[in-house]
Number of protein chains: 2
Amino acid sequence: MARRSDHNREELYALAIGAARQIVESDGIKALTARNVADVIGYSPGTLYNLFDNLDDLIVHLNGSTLDDLFDKVSALEQSGDPESDCKALLGSYLDYLNDHPGLWYALFDYAIPTTMTVPSWYVRKIERLMEILRVAIAPLYADTQMDETARAASVLWAGLHGITSLSNDGKLQLVSEDDVEDLASFLVTTFIAGIQSRARQ
Amino acid sequence: MARRSDHNREELYALAIGAARQIVESDGIKALTARNVADVIGYSPGTLYNLFDNLDDLIVHLNGSTLDDLFDKVSALEQSGDPESDCKALLGSYLDYLNDHPGLWYALFDYAIPTTMTVPSWYVRKIERLMEILRVAIAPLYADTQMDETARAASVLWAGLHGITSLSNDGKLQLVSEDDVEDLASFLVTTFIAGIQSRARQ
DNA sequence: TCATTTAATTGAACAATGTTCATTTTTCAA
DNA sequence: TTGAAAAATGAACATTGTTCAATTAAATGA
């Protein structure tokens, strides 16, 4: 059998990503196999290889759609102009997403793309778009001329928050007393911002 | 054939871990298969299952030995008592290890233990032992009574540094201008410490 | 010394995986 | 109506983790 016209290429792509998302959300990334995705969308495994180079490519596309989701959620927040409270609001929104979609988050950040595969530029752009929001939030800490400095601080803060969520998610971060992830992340934001202000005064 | 007396259980364990390390160092964690390890040590795949519950268990043990290595390297550093320079020395040592043994580092931090497997307590202890060194380095920033506060700050700094190395290693951190990992990590240490000092003054 | 028990080691076997590709079938254009 | 192009298939292949009955060497005891 062949050449059904049930769906065109775009629809098929959307179907596949949707199925992948559903599988990852309910059973984790380990359940994301070519045969499983094919079953869900009612096509054969081979068809997936018309759409994606391989399974890793499919995962990258799934992660791309997760990044879009995250962006929509986070960019909906209104910023007050106060770096600390804005960063914490962003953080809260981010942690909410992590709690609501642990499987997707795990696939996004803890599943490592094989070194044989270079990260596509559209993927990098999606990350940058997210980081840009953080950049805007901390911009009041810097003069308009310090674009590079602002960008660097945003990168570091972003990576720092990622480190906390990532390690604690893997159980690799021994939590102190009754601290939870939110406490630690909040501590990082407060301290980091205080550090920037303190150094600016000198 | 069976019951060779070439090696006792301990020797066999050491052989297997050694083989695993060798494979991971030269060809990455993807090459770490039961059959590969068995080939290297001259035993059959089945024998590995007398020593380890499964491959993930073997990886956890390999990571345990990597943590020991890291501890030996990092604990050899003499601390001056100045938090910033001590943290940066630790950081430098850590980054050296990452550069020298990317495969082992990747297996240690970017390979996620499946959620079905709980992190063993001896493994957590090895991590804590490493973090303790960082705790000592930043201790001068706090009063002796602030043990919890010190521990929390060490956790956050540790996780933050991990976030930077981890993301940049995966190509998921768009680096600003000519910044490299060391610059970003250094920036985090400086700013974070300045933040602690600044807040202590108030 | 020989028979029996115990334990280690094997390797064939199984189910599941990613991936390929000759074959088949449908659609589209001429 | 015919022929070419494209889409979809699913059987097939190589590999994977893992199990376990069978096999063999060592340890034990008489």
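The sequence lines fix the lettering, A, B, ..., with proteins before strands; numbering per chain opens at 1.
One finds no side-chain N or O of A:T33 lying less than 4.0 angstrom from the OP1 or OP2 phosphate oxygen of C:dA16. Close to C:dG11, at under 4.0 Å from its OP1 or OP2, lies no side-chain N or O of B:S44.
Following rounding to the nearest Å, B:L55 (CG) and D:dT19 (P) show an atom-to-atom distance of 11 Å. If you measure from atom OH of B:Y13 to atom P of C:dA8, you get 18 Å, rounded to the nearest angstrom. Between the P atom of C:dT10 and the CG atom of B:N50 lies a distance of 9 Å, rounded to the nearest Å. To the nearest angstrom, P of C:dT17 lies 10 Å from CG of A:D39. For the pair B:Y43 OH and C:dT10 P, the computed distance is 7 Å after rounding to whole Å. D:dT18 atom C1' lies 15 Å from atom CE of B:M117, rounded to whole Å. When the P atom of C:dT10 is taken as reference, atom NE2 of B:H7 falls 12 Å away, rounded to whole Å. A straight line from CZ of B:F52 to P of D:dT19 spans 15 Å, rounded to a whole angstrom.
Other residues, nucleotides and ligands contribute more than 12 heavy atoms inside 6.0 Å of the CD atom of B:E11. Counting non-hydrogen atoms of other residues, nucleotides and ligands closer than 6.0 Å to NZ of A:K73 gives a total above 12.
Residue-level contact check: B:R35 touches the bases, meaning some heavy atom is under 4.0 Å from a base atom. Within 4.0 Å (heavy atoms only), B:N54 reaches sugar-phosphate atoms of the nucleic acid but no base atom. Across all strands, A:L12 comes closer than 4.0 Å only to sugar-phosphate atoms, never to a base (heavy-atom distances). Heavy atoms of A:L58 sit nowhere under 4.0 angstrom from any nucleic acid atom. A:L48 comes within 4.0 angstrom of no nucleic acid atom, judged by non-hydrogen atoms across all strands.
Annotation: of the two residues near DNA chain C, B:G46 and A:P45, the 5′-most nearest-nucleotide partner is B:G46.
Counting only distance, with no hydrogens or angles, the side chain of B:E25 and the backbone of B:Q22 share no donor-acceptor pair below 3.5 Å.
Side-chain contact, A:K30 with B:T115: no donor N or O sits under 3.5 Å from an acceptor N or O.
Closest to the side chain of B:Y49, from the set D:dA8, C:dT19, D:dT18, is D:dT18.
Side-chain contact between A:D86 and A:V136 is absent, with no heavy atoms from C-beta onward closer than 4.5 Å.
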